[in-house]
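Read through the structure below, which is laid out as structure tokens, and then see the notes.
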Amino acid sequence: MKRHLRLVVFVLLGLTARVVSADTAPSIYELSPVLTDQDAKSMSLDVFRGYPTIVSMVYATCPYTCPRIISTIQKIEAEVPEKVRSRVRVLLVSLDPAHDTPESMRAVLLRHKVDVTRWRFGLASDVETRHLAAVLGVKYRSTPDGDINHNAVFTVLDHDGRVARRFEGLKTPPADVARFLNTLVNTP
Amino acid sequence: MRRCRLGHLLGRAIAVLVFIAGPVPVVIGAVAQRSLVEAVAVVGPGVLKPFYPPSPREAEISVPAFGLDRLPVTNGDFLDFVRAHPKWRRDRVSRLFADVRYLEHWSLPQVLGADAHSRQPVVNVSWFAAEAYCEAQDKRLPTETQWEFAAAASETGSDGRSDMGWRMQVLDWYARPAAKVLPAVGRRRPNYWGVHDLHGLIWEWVLDFNSSMVSEDSREGKDEDKTKFCGAGALAASEKDDYASFMRIAFRSSLEAAFTTSTLGFRCATDIPPSR
């Protein structure tokens, strides 16, 4: 009788273990790209560990959608209380590493008057850019005019770099995203 | 004394053997090199008329010559790769790079088993896995433009799309449900460029699969959600009856990089074509 009980317990533990591991999404830090930030310093994604992070992909000479992505993120930030906002980071990754530079990226952040203590703009290699776009659901294509066609999407990562939610288009009310951020920040 | 003579005899015997056998490794090497080269076809140069021109200026895209694998990557090929790169074993790969069905048709992480034959095209592989395989060979995935350009060829010409017989055959293949057991690669005749199985076997990954700019559902004809996309909004298909191209584009734009499916495989391309 005892033997069977032990067996049952082990089987149950085994099943539970499988369920738990299936729930743990992978962290995008595993990509470990080497980024150059707007101050021309080398930056790894690990600097965001411990902070829920809003990630999107834009480029410096983008005429329309990128400014809208940035101002949407700012509206979301404005909706969270200061205590929560200080725990949130923002990462913009360049879609145009061939042309964007630390200077042009810094100019974008200045123009939008973002809080540079919490916002980073990073450049990666062509291959790493495409890999990041692949995990973030960013679709992009260069045109002969030098523009880059791309979708408007931002992703919220939890404090371990796991995708918590992806927001496609810019239609979700900033207050809703803010509420989601609140929950993330307050979750250990 | 006797030992010395024996030593001399042995030495001479070895010298003779080396003299005879010496060229053999060179010949084997040359043959291997030739089969590596022969495994890659030179495609192009030429001009592609993309099915969905991304912009009015891209109704014709010039395609420089490139190298493309004549055959899709097989189970046997991919097994060799997994053995040499164990981080791509299905029991070790990160879920960031491949979903739960990755290589599920193999009986074990490093054993094909009875249901996966060595010469079948490998399927249940993600874009990341396909990329890694190609990179390990100093190659990469073909771009969509390159793949579509190669696939536009019939057996007799580089642009088979005006050949209605060929178009109907391609559509016929796409109309059939996938075979229960995938056939081996290379059984059908190659196309004009010497490339096999671009139609009728499996869907194939391309490098820029996430560049296809169809919106969520173009069938409905209503205003696209303009906030979702930068740049050219409305896309008009260049040939409205080329349904196979439409299916491929629609399929590709539904994919995410970690996805695997039982009908999706790949082959590799290289920028520097081998000398003809």
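In what follows, chains are A, B, ... by sequence order, proteins preceding strands, each numbered from 1.
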Contacting region of A:Val163 [heavy-atom separation from chain B under 4.5 Å]
neither
Which residue pairs pass the ring-ring contact (aromatic ring centres under 6.0 Å, His included) test with at least one member in residues 157-188 of chain A, sequence neighbours excluded?
A:Phe154-A:Phe167
Counting neighbours of NE2 on A:His112 that are heavy atoms of other residues, nucleotides or ligands and sit closer than 6.0 Å, is the number greater than 12?
yes
Using a 4.5 Å heavy-atom cutoff, which residues in residues 257-268 of chain B come close to chain A?
B:Ala257
Output all residues satisfying side-chain contact (heavy atoms from CB on, under 4.5 Å) with A:Arg130, sequence neighbours left out; order by chain, then residue number.
A:Tyr140, B:Trp127, B:Leu207, B:Asp208, B:Asn210, B:Ser211
Taking atom CG of B:Asp115 as the centre, does the number of heavy atoms from other residues, nucleotides or ligands within less than 6.0 Å exceed 12?
no
Where along residues 77-95 of chain B does a heavy atom come under 4.5 Å of chain A, listed by residue number?
B:Ser94, B:Arg95
Counting heavy-atom pairs under 4.5 Å with chain B, the top scorer among A:Val135, A:Asp147, A:Ile69, A:Val127 is A:Val135
Can you tell me if B:Arg101 has over 12 outside heavy atoms packed within less than 6.0 Å of its CZ?
no
Going from CZ on A:Arg166 to CD on B:Glu256, what distance comes out if it is rounded to the nearest 0.5 angstrom?
4.0 Å
